[in-house]
**Student:** 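Below you will find the structure I want to go over with you.
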Amino acid sequence: MIEIHGSPSIHYCLRCSGVRVSFEEAAAAVREEKMPLCPKCGKVLKPAITFFGESLPIDALKNAVTESQKADLMLVLGTSLTVYPAASMPEYTLRSGGKIVIVNNMSTPLDGRAALHFDDLGEVFEELKRQFQIT
Ligand SMILES: [Zn+2]
């Protein structure tokens, strides 16, 4: 998995380098209606996700383009395909000769180029669980 928009699995302090807190620890504070705070300086922790206006992690983005170009099949799940650069990943797959399968209850700009299109993400995964006997 390449997380081009980061991940909430880690929260970190913008002031103290090296201070990292797990999602579970941050979530515990939020459940108690408190802000997740740095254990060292007390400032609010930031989840390691890319906020609006921040740059995407360039290595992750490059890897995502490379893997998209190598993919024989890309599952495009629950995205409107309107926010770039993430929306361009299926286009890289298509341009490289791969196929895409779109699962979304709304139309997307690439519906006409998808090998398959499904409306219901839950139904698709229930069927995959049945087909591959996943519990
Ligand atoms: Zn700190």
Side-chain angles (χ1 to χ4, degrees):
M1 181 179 347
I2 302 167
E3 298 172 309
I4 62 173
H5 291 112
S7 167
S9 64
I10 296 292
H11 288 57
Y12 64 94
C13 180
L14 294 170
R15 178 188 278 177
C16 306
S17 68
V19 172
R20 300 164 68 89
V21 171
S22 71
F23 173 82
E24 291 76 17
E25 291 174 85
V30 172
R31 273 189 226 102
E32 294 176 12
E33 299 184 6
K34 297 176 183 169
M35 297 295 285
L37 301 176
C38 173
K40 190 172 174 185
C41 75
K43 290 285 184 187
V44 175
L45 297 171
K46 180 188 182 299
I49 58 176
T50 305
F51 286 175
F52 185 78
E54 293 180 326
S55 298
L56 295 178
I58 193 68
D59 288 342
L61 195 53
K62 284 180 183 174
N63 288 339
V65 169
T66 299
E67 294 301 320
S68 295
Q69 291 170 327
K70 291 181 350 190
D72 295 321
L73 177 69
M74 177 182 284
L75 300 177
V76 183
L77 309 175
T79 172
S80 63
L81 291 175
T82 55
V83 180
Y84 287 83
S88 62
M89 298 308 151
E91 294 177 23
Y92 286 115
T93 298
L94 288 168
R95 277 190 230 137
S96 301
K99 295 181 190 271
I100 63 171
V101 173
I102 294 176
V103 184
N104 195 329
N105 63 0
M106 299 168 38
S107 64
T108 79
L110 294 181
D111 286 355
R113 298 173 65 196
L116 294 168
H117 183 277
F118 300 99
D119 293 335
D120 191 309
L121 192 60
E123 282 181 18
V124 167
F125 276 89
E126 285 303 318
E127 183 61 24
L128 288 172
K129 282 169 59 178
R130 275 193 296 275
Q131 291 286 327
F132 296 101
Q133 299 169 352
I134 301 167
T135 55

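In listed order, ligands and their atoms are each counted from 1. In what follows, residues are counted from 1 in the order of the sequence shown. No hydrogens, no waters, no symmetry mates; every other heavy atom, side chains included, goes into these values.
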**Student:** For K129, check salt bridge (charged side-chain N to carboxylate O under 4.0 Å, His left out) against everything at least two apart and list the hits.
**Tutor:**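 Salt bridge (charged side-chain N to carboxylate O under 4.0 Å, His left out) list for K129, sorted by chain: E126.
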**Student:** Got V44 and L37 here, is their nearest side-chain heavy-atom distance under 4.5 Å?
**Tutor:**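 V44 vs L37: side chains touch.
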**Student:** With no hydrogens and no angle check, is any side-chain donor or acceptor of K46 less than 3.5 Å from a backbone partner on I49?
**Tutor:**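 Yes, K46 side chain to I49 backbone: donor-acceptor pair under 3.5 Å.
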**Student:** What distance separates H5 NE2 from F51 CZ, expressed to the nearest 0.5 Å?
**Tutor:**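 Taking NE2 in H5 and CZ in F51, the distance rounds to 12.5 Å.
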**Student:** Can you name the salt bridge (charged side-chain N to carboxylate O under 4.0 Å, His left out) partners of R95, sequence neighbours left out?
**Tutor:**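 In terms of salt bridge (charged side-chain N to carboxylate O under 4.0 Å, His left out), with neighbours along the sequence ignored, R95 is linked to E91.
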**Student:** Counting only protein N/O/S, how many atoms fall short of 2.8 Å from the Zn ion (ligand 1)?
**Tutor:**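 Count of protein N, O, S atoms less than 2.8 Å from the Zn ion (ligand 1): 4.
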**Student:** Can you pull the side-chain hydrogen bond (donor to acceptor under 3.5 Å, both in side chains) pairs that have at least one residue in residues 69-79, sequence neighbours excluded?
**Tutor:**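 Output for this query lists E67-K70.
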